[in-house]
K.L.:
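Structure below; questions to follow.
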Amino acid sequence: MNFETVIGIEVHAELNTNTKMFCGCAREYGAETNTKTCPVCLGHPGVLPKINEKAVELAVRAAMALNCHVADQTKFDRKNYFYPDTPKAYQISQFDQPIGFDGYIDAEVDGETKRFRIERVHLEEDAGKMNHTGANHSVVDFNRTGAPLIEIVSEADMRSPKEAVAYLERLKEVLQYAGVSDVKMEEGSLRCDCNISVRPYGQEKFGTKTELKNLNSFGNVLKGLEFEEDRHRKLLLSGGVMRQETLRFDEAKKQTVLMRVKEGASDYRYFPEPDLVKLVLDHDWKEAIRAGIPELPDARRVRYQEALGLSAYDAKQLTVTREMAEYFEATIAAGAEPKAAANWTVGEVQGHLNKSTETFDTIKLTPVRLAEMIELIAGGTISSKIAKQVFTAVIEQGVEPRAYVEEQGLAQISDEGLLRGLVVEMFEANPAVVEELVNGRDRKKGFVIGQIMKKTKGMANPALLDQLFYEELEKLK
């Protein structure tokens with residue numbers, strides 16, 4: 001029997017606000033344990049929540065960027081459950097009136113564009129974090145408790161683990177470009193839960209699903225879903241019955257591990273949050289948010305191809321992150337030729353960042369310095385080989401490229417008269433070589449060029465030297 005895989009995904013993205021969702025506590029990743037808390041986020045008796053307007057604005061922006069309808073009116077609800085990192089024993093979320101609904105994103109899978117529907121986008125507050133320090137010992141950090149989140153719930157439109165990853169990569173891209181979240185999975189500001197089931201091909205009814213919780217990398221999403229996909233198929237083929245379970249992916253064992261039997265929605269006993277009034281989202285306010293959404297990656301890729309003449313491949317590479325795209329554009333604004341700026345940005349610059357803790361914002365090779373270095377190459381002042389040396393000096397020391405080239409004597413020899421004289425001198429000193437060159441044996445060219453490079457200590461402008469070589473050779477024919 002052949003089975004069809006069905007996957008739906010819930011993504012939690014922490015919003016780019018300075019403070020928490022319902023109180024004034026600062027959001028600060030890595031702060032000392034339990035120092036960013038107050039009676040409101042710790043759920044003390046008698047306290048009242050106050051809605052963070054910036055969080056609502058970012059949630060609306062996210063919904064718009066994901067092609068959702070945005071509600072004219074919405075509300076908050078209590079989702080009741082007890083867990084040690086949830087001090088109130090409930091979470092303020094949204095149940096039946098989400099802030100955004102009926103959206104979609106398009107993602108490329110194996111060279112084809114596929115549309116994935118988004119059921120809803122809703123606002124809620126985050127839980128704290130459990131730190132397990134031993135087999136029988138855990139501590140709770142409440143700094144994250146109450147941080148503003150959006151939960152993005154997809155329809156069950158993915159038919160393979162690969163499609164799930166493509167959806168997530170595209171979603172992450174959109175959220176980052178829209179300025180909604182920094183989407184740093186390593187810091188927990190983007191987390192995803194994946195629901196997977198299988199059914200016989202042609203069957204309309206979904207199979208029994210299992211849920212993989214808190215997957216913290218796209219690699220683990222792929223591995224976890226592939227493991228579950230295989231497990232579901234084997235179990236059903238052997239006559240077994242699938243249970244609805246909540247699982248985690250054990251990266252070391254490369255397999256899923258049971259956490260608990262999955263609760264249904266009724267277990268949470270949702271009811272309207274009594275301490276918050278309904279939210280009415282004004283039409284003009286929503287349109288002002290829409291007008292402020294930054295250029296999204298697809299539009300930027302089209303512009304790079306049409307306005308800058310870049311290839312589709314270059315345009316895609318440059319827009320992997322918003323930071324890279326902005327660095328590239330700042331380099332062009334500083335005077336660099338687009339293709340050269342693209343090559344350096346996705347090549348040496350990104351390569352350096354991959355090996356360091358620096359970012360496009362902190363790297364010493366600023367866009368202005370990169371543009372200056374590209375100008376030195378284009379103008380023939382330095383060769384591509386010397387440019388690598390200059391690049392390293394700027395990266396490590398923060399020197400100015402032109403000043404460094406002058407101080408170190410790295411400028412190429414581009415004096416046409418001098419280089420022409422050296423070519424003539426080499427021809428006169430090597431008549432046998434000239435005879436072979438005149439007779440079309442170009443392999444001797446390397447000898448002539450090599451001797452001149454040796455004499456100039458590698459500083460002759462290679463392009464100009466090549467041009468003069470052929471000009472002088474032509475005179476001897």
Side-chain angles (χ1 to χ4, degrees), residues 176 182 184 186-187 300 304 308-311 313-416 418-419 422 446 449-469:
Q176 185 198 50
D182 63 20
K184 294 179 179 177
E186 69 276 11
E187 295 183 5
R300 196 170 293 214
Y304 286 0
L308 302 179
L310 297 179
S311 67
Y313 175 81
D314 285 341
K316 186 172 183 179
Q317 293 299 306
L318 287 166
T319 52
V320 168
T321 66
R322 183 176 172 182
E323 289 81 7
M324 179 187 285
E326 290 178 348
Y327 180 91
F328 164 70
E329 293 199 23
T331 303
I332 293 175
E337 189 274 324
K339 178 59 178 173
N343 289 344
W344 278 93
T345 301
V346 301
E348 281 76 6
V349 176
Q350 183 62 61
H352 168 75
L353 295 180
N354 289 342
K355 296 181 290 186
S356 74
T357 58
E358 293 179 280
T359 67
F360 281 105
D361 291 329
T362 63
I363 190 172
K364 292 184 177 70
L365 183 68
T366 62
V368 171
R369 285 172 175 160
L370 178 56
E372 184 175 292
M373 196 172 76
I374 290 171
E375 182 186 347
L376 291 171
I377 301 167
T381 303
I382 59 174
S383 65
S384 297
K385 181 180 178 181
I386 293 298
K388 301 291 178 67
Q389 180 181 336
V390 177
F391 172 84
T392 300
V394 179
I395 286 287
E396 294 178 353
Q397 304 168 37
V399 296
E400 300 302 326
R402 190 177 298 278
Y404 179 79
V405 168
E406 292 174 357
E407 289 168 6
Q408 300 297 317
L410 299 176
Q412 289 186 130
I413 299 172
S414 296
D415 184 322
E416 183 175 330
L418 174 61
L419 294 180
L422 290 174
I449 297 295
Q451 291 300 307
I452 295 174
M453 280 296 187
K454 185 176 180 181
K455 197 164 188 176
T456 60
K457 298 181 180 179
M459 302 308 291
N461 183 325
L464 179 57
L465 181 58
D466 194 68
Q467 173 192 328
L468 297 175
F469 171 88

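For the numbers below, each heavy atom of this structure counts, side chains included, while hydrogens, waters and symmetry mates do not. Everything numeric here is computed off the predicted structure, so don't read it as measured data.
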K.L.:
From R300 CZ over to L318 CG, what is the distance, rounded to the nearest 0.5 angstrom?
P.N.:
10.5 Å
K.L.:
Nearest 0.5 Å, please: how far is OG1 in T366 from CG in D361?
P.N.:
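The OG1 atom of T366 is 12.0 Å from CG of D361, to the nearest 0.5 Å.
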K.L.:
Using a 4.5 Å cut-off on heavy atoms from C-beta on, say whether the side chain of E375 contacts that of T381.
P.N.:
no
K.L.:
Are Q408 and V390 close enough that some pair of their side-chain heavy atoms sits under 4.5 Å apart?
P.N.:
no
K.L.:
Of all heavy-atom pairs between A371 and G335, which one has the smallest distance, and what is that distance?
P.N.:
CB-N, 4.5 Å
K.L.:
Nearest 0.5 angstrom please: D182 CG to E323 CD, how far?
P.N.:
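Between D182 CG and E323 CD, I get 9.0 Å after rounding to 0.5 Å.
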K.L.:
Search all heavy atoms of A460 against all heavy atoms of Q412 and return the closest pair with its distance.
P.N.:
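In terms of heavy atoms, the two residues are closest at O-OE1, 4.0 Å.
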K.L.:
Could you pull out the closest heavy-atom pair between Q176 and T321, with the gap in Å?
P.N.:
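Scanning both residues completely, I find the closest heavy atoms to be OE1-CA, 3.3 Å.
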K.L.:
Sequence neighbours excluded, which residues qualify as side chain to side chain donor-acceptor pair (under 3.5 Å) partners of Q317?
P.N.:
none
K.L.:
Distance check, rounded to the nearest 0.5 Å: L376 atom CG versus E372 atom CD?
P.N.:
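Interatomic distance, L376 CG to E372 CD, rounded to 0.5 Å: 6.0 Å.
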K.L.:
I'd like to check K339 versus N343 (side-chain heavy atoms, cut-off strictly below 4.5 Å). Are they in contact?
P.N.:
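Yes, at least one pair of side-chain atoms sits under 4.5 Å.
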K.L.:
Taking all atoms of both residues into account, what is the closest heavy-atom pair of V405 and A411, and its distance?
P.N.:
CG1-N, 3.6 Å
K.L.:
List for me each residue that meets side chain to side chain donor-acceptor pair (under 3.5 Å) alongside K455, sequence neighbours excluded, and say none if there are none.
P.N.:
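In terms of side chain to side chain donor-acceptor pair (under 3.5 Å), with neighbours along the sequence ignored, K455 is linked to E425.
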K.L.:
What is the distance from atom CG of L308 to atom CD1 of I332, rounded to the nearest 0.5 Å?
P.N.:
4.5 Å
K.L.:
Yes or no on side chain to side chain contact (heavy atoms under 4.5 Å, CB included) for L465 and I413, after CA distance, side-chain angles and deciding distance?
P.N.:
CA-CA 9 Å; L465 181 58; I413 299 172; over 6 Å; no
K.L.:
I'd like to know if the side chain of E337 and the backbone of A340 have a donor-acceptor N/O pair within less than 3.5 Å.
P.N.:
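Yes, E337 side chain to A340 backbone: donor-acceptor pair under 3.5 Å.
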K.L.:
Answer yes or no: is there a side-chain heavy-atom contact under 4.5 Å between L353 and E358?
P.N.:
yes
K.L.:
I need the L410 CG to I386 CD1 distance, nearest 0.5 Å.
P.N.:
5.5 Å
K.L.:
Quick check: do F328 and L310 have side-chain heavy atoms less than 4.5 Å from each other?
P.N.:
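Yes - at least one pair of side-chain heavy atoms lies under 4.5 Å apart.
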K.L.:
Any non-hydrogen side-chain atom of E329 less than 4.5 Å from a side-chain atom of Y304?
P.N.:
yes
K.L.:
Using every non-hydrogen atom in the two residues, find where I395 and I363 come nearest and quote the distance to one decimal.
P.N.:
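Closest heavy-atom pair between I395 and I363: CD1-CD1, 3.4 Å.
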K.L.:
For K364 and Q397, which heavy atoms make the closest approach, and how far apart are they?
P.N.:
CD-C, 3.9 Å
K.L.:
By the ring-ring contact (aromatic ring centres under 6.0 Å, His included) test, which pairs, at least two apart or in different chains, include something from residues 358-394?
P.N.:
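Found Y327-F360, W344-F391.
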